[in-house]
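Encoded as structure tokens, the structure appears first; notes follow it.
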Amino acid sequence: MARLVLPMLENFSHCLCSATKASLSQAHAHILKNGISLPETIQIFSKLDHFGHVIRVFSYMLTQGIVPDSRVFPTVIKTCAALSALQTGKQMHCFALVSGFGLDSVVLSSLLHMYVQFDRLKDARNVFDRLPQPGVVTSSALISRFARKGRVKETMELFHQTRHLGVELNLVSWNGMISGFNRSGSYLDAVLMFRNMHLEGLKPDGTSVSSVLPAVGDLEMPLMGIQIHCYVIKQGLGPDKFVVSALIDMYGKCACASEMSGVFDEMDEVDVGACNALVTGLSRNGLVDNALEVFRQFKGMDLNVVSWTSMIASCSQNGKDIEALELFREMQTEGIKPNSVTIPCLLPACGNIAALLHGKAAHCFSLRNGIFNDVYVGSALIDMYAKCGRMLASRLCFDMMPSRNLVSWNSLMAGYAMHGKTSEAINIFELMQRCGQKPDHVSFICVLSACTQGGLTKEGWFYFNSMSRNHGVEARMEHYSCMVTLLGRSGRLEEAHAMIKQMPFEPDSCVWGALLSSCRVHNRVDLGEIAAKRVFELEPRNPGNYILLSNIYASKAMWAEVDTVRDMMRSRGLKKKPGYSWIEIKNKVHMLLAGDSSHPQMPQIIEKLAKLTVEMKKSGYVPHTDFVLQDVEEQDKEQILCGHSEKLAVVLGLLNTKPGFPLQVIKNLRICRDCHAVIKFISDFEKREIFVRDTNRFHQFKGGVCSCGDYW
DNA sequence: ATAGGGTTAG
């Protein structure tokens, strides 16, 4: 019937909008003649999801003096929810009350659902309290919504109140609460709900199990996980695919790699969801290569966006950045469309190796596909552009975001800090608070490290002291590390050492390491030895620390001590971490290794470097050979310096790009003083702008000077 | 006429 009269109704509705009074009354008469009343018209439009028409007919109905009945109100109220029309919805609420429907349970129930949709839990709760006899569905909708908000106390209160009213909550209600607690991160409450439902004699079903397992995993409760696994087997819930995926995920989070694989292998039929959970679980346990293997093995199957995205995320989180970029390209040739999660998983890979062109391509992709308003995408772009040396683009992304979260602010601040833009970082820190965003412990790491770059010890102390006093953020290990670096770098080594001694908890290897590397900057043997002793106890297998101490000795020509440290390394089987540099040239990322001759253009690189060295010496350059660890002849030291990967990468860039084209190099260690001097020279001699990002910060070379002002 | 629950990617 609705189908037959629809054209007529549509016509009527359009007359409502625009036509003259005469044609409107004609249309109205027409539908009346066909036996369709206005309230009925409303029901028909509502069933067809023509929400605009519902409201229009409703207003017209009122002008005709027809009083809404108990059936019209729920429909119109539902329509308000669907249209996100809060004001109209509130008017309906008042209207229903004055029309005498204040006790009508259907009207009240529809109002409650409307307020729940608008996230106005207080209003929803008020309506609930007026319901003479709340139903299961209505009650559990409200309860699970409170749970989803993380309002544990109110959820439980409502839960008990409901049962007191005699509402028998069923499995669906309990499951709703469990998943609600999960979404708000109240994992322990989710687990407790699961246990309580079990104690009350309800039989958890597949949905209950797959709802509670993520919480068990996040809490890392493997014993509870095993119990639930047994329950799954006993109840025969094994064939449920959601349950299997959730089990794999739980074991992965609990570091039970073999149990995880066991569940996967016992599956009768391979499921994509389970496969995705396995990939994530493997890389979470440091087995990226196995994850890639599994992924390749099941590539023939119908892998989906989630599969590709999780593989990309695994790669970019585990140092396989180039692989991540390749996967992104590959998924598109396979016809899988990246979505708003894929982009923020890929962007860190671009940032890590400063693959600006790939990053821009991902940015363009998100613009073309309308996923630029996503907070995660925006924050990831801010971070990517900052790490690729493009602070202006980074700031632009920040400014264009329709809404920002803590991560967006922190990313921008970290970017400024990394670029040595201390005052900008501090300004952002102040601005975020004026915008109502509370800083967290990460924000303080950002602002303190910004102070480090500018040597602002006074400001650093100010922010450090204000942390717990004014912001309720307790200082963690990282904040002490930052302070030690800040003080140490600026030459206040005694102050840094005193700070470590006064820490309220045991300093870890990072804190002592910060002191050690500051001692390297100022070549302080005595304090360096103290710091090194502690670092070697706490972190005996990190070669970088031995190198630092050895370099301190080398700078004072204490070759016997250098030998002792080198012997220590050798006896512990440690080797110096090789220095790598990356440079992106014409959309291809080249990786260069110190002293490695495998790059096809190596002969040209060496030739060019030799020419440059001649020019440098003419202009008075003396190599900073004290940075070479080995006790060798001066001539050989120069040779060793020649091979530093950042220099090779810069020269490779010079050879393969047009004159004047800016270069950008990333290094996996800190830039050395000699390379710093050489690149300053090159930037002037070759008239190039050169960006070098090391593990600490950005160096922007232009016209023979560096943006760090030789302070790093 | 109103109306509730699940896994895997940030």
Side-chain angles (χ1 to χ4, degrees), chain A residues 39-40 42-43 46-47 68-79 81 101 104-114 116-117 127 131 134-145 147-148 167 169-180 182-183 204-214 217 237 240-250 252-253 271-281 283-284 303-317 331 338-348 374-380 383 405 407:
Chain A
E40 259 176 294
I42 290 178
Q43 302 309 341
S46 165
K47 281 217 174 70
D69 61 12
S70 67
R71 292 201 321 190
V72 167
F73 272 116
T75 311
V76 175
I77 290 166
K78 178 187 160 185
T79 306
F101 294 107
D104 186 305
S105 63
V106 179
V107 171
L108 286 173
S109 175
S110 65
L111 279 169
L112 185 143
H113 284 281
M114 180 189 77
V116 162
Q117 265 208 23
V127 174
L131 267 174
V136 206
V137 179
T138 307
S139 311
S140 53
L142 188 59
I143 295 174
S144 69
R145 197 63 177 215
R148 206 178 284 186
V167 181
L169 291 174
N170 55 21
L171 258 188
V172 177
S173 324
W174 284 83
N175 291 349
M177 284 176 78
I178 294 174
S179 79
N182 256 342
R183 283 199 215 182
D205 64 356
T207 304
S208 328
V209 170
S210 42
S211 302
V212 77
L213 279 174
L237 299 173
D240 189 324
K241 286 177 177 169
F242 287 132
V243 170
V244 175
S245 298
L247 276 171
I248 293 174
D249 173 65
M250 178 276 295
K253 286 176 181 159
D271 169 58
V272 200
C275 192
N276 298 343
L278 183 67
V279 165
T280 311
S283 31
R284 193 175 268 148
L303 293 182
N304 54 25
V305 216
V306 179
S307 326
W308 286 90
T309 304
S310 56
M311 197 62 251
I312 289 173
S314 303
C315 286
S316 60
Q317 286 160 10
M331 79 182 278
N339 64 15
S340 64
V341 182
T342 318
I343 302 300
C345 288
L346 173 77
L347 286 172
D374 187 295
V375 212
Y376 285 95
V377 172
S379 304
D383 178 65
N405 64 13
V407 179

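Every chain is numbered from 1, with letters handed out A, B, ... down the list of sequences. Only heavy atoms go into these numbers, but all of them, side chains included; no hydrogens, no water, no symmetry mates.
A search for side chain to side chain donor-acceptor pair (under 3.5 Å) contacts involving Thr75(A) returns Gln43(A), not counting sequence neighbours. Remark: Asp69(A) pairs with no residue by the side chain to side chain donor-acceptor pair (under 3.5 Å) rule, at least two apart or across chains. Take Phe101(A) and apply the ring-ring contact (aromatic ring centres under 6.0 Å, His included) test, not counting sequence neighbours, and it matches Phe73(A). For Thr138(A), the side chain to side chain donor-acceptor pair (under 3.5 Å) partners two or more places apart in sequence, or in a different chain, are Ser109(A). For Arg284(A), the salt bridge (Lys or Arg N to Asp or Glu O under 4.0 Å) partners are Asp249(A), not counting sequence neighbours. Ala141(A) pairs by the side chain to side chain contact (heavy atoms under 4.5 Å, CB included) definition with His113(A), not counting sequence neighbours. Legend: residues meeting side chain to side chain contact (heavy atoms under 4.5 Å, CB included) with Asp374(A), ordered by chain and number and at least two apart, are Ser340(A), Tyr376(A), Val377(A).
Base engagement by Ser70(A) is indicated by at least one non-hydrogen atom pair under 4.0 Å involving a base atom. Residue Val136(A) is classed as a base contact, given a heavy-atom separation below 4.0 Å to a base. Looking at heavy-atom distances under 4.0 Å, Asp374(A) makes contact with a base. Using a 4.0 Å heavy-atom distance criterion, Thr342(A) is classed as making no nucleic acid contact. Residue contacts shown for Asn304(A) are absent, as no nucleic acid heavy atom lies under 4.0 Å away. Residue Ser211(A) is in sugar-phosphate contact alone, with no base atom involved, counting any heavy-atom pair closer than 4.0 Å across all strands shown. Among the protein residues, Ser245(A) comes within range of the nucleic acid bases, having at least one heavy atom under 4.0 Å from a base atom. Within 4.0 Å (heavy atoms only), Asn339(A) reaches at least one base atom of the nucleic acid.
For DNA chain B, the residues of residues 272-281 of chain A within the heavy-atom distance limit of 4.0 Å (strictly under) are Gly273(A), Asn276(A), Thr280(A), sorted by number.
Nucleotides of DNA chain B that come within less than 4.0 Å of any heavy atom of chain A span, from the 5' end to the 3' end, dA1(B) to dG10(B).
Without hydrogens or angle criteria, Ser46(A) side chain to Ile42(A) main chain gives no donor-acceptor distance under 3.5 Å.
Taken to the nearest 0.5 Å, the CG atom of Leu278(A) stands 11.5 Å off from the CG atom of Asp271(A).
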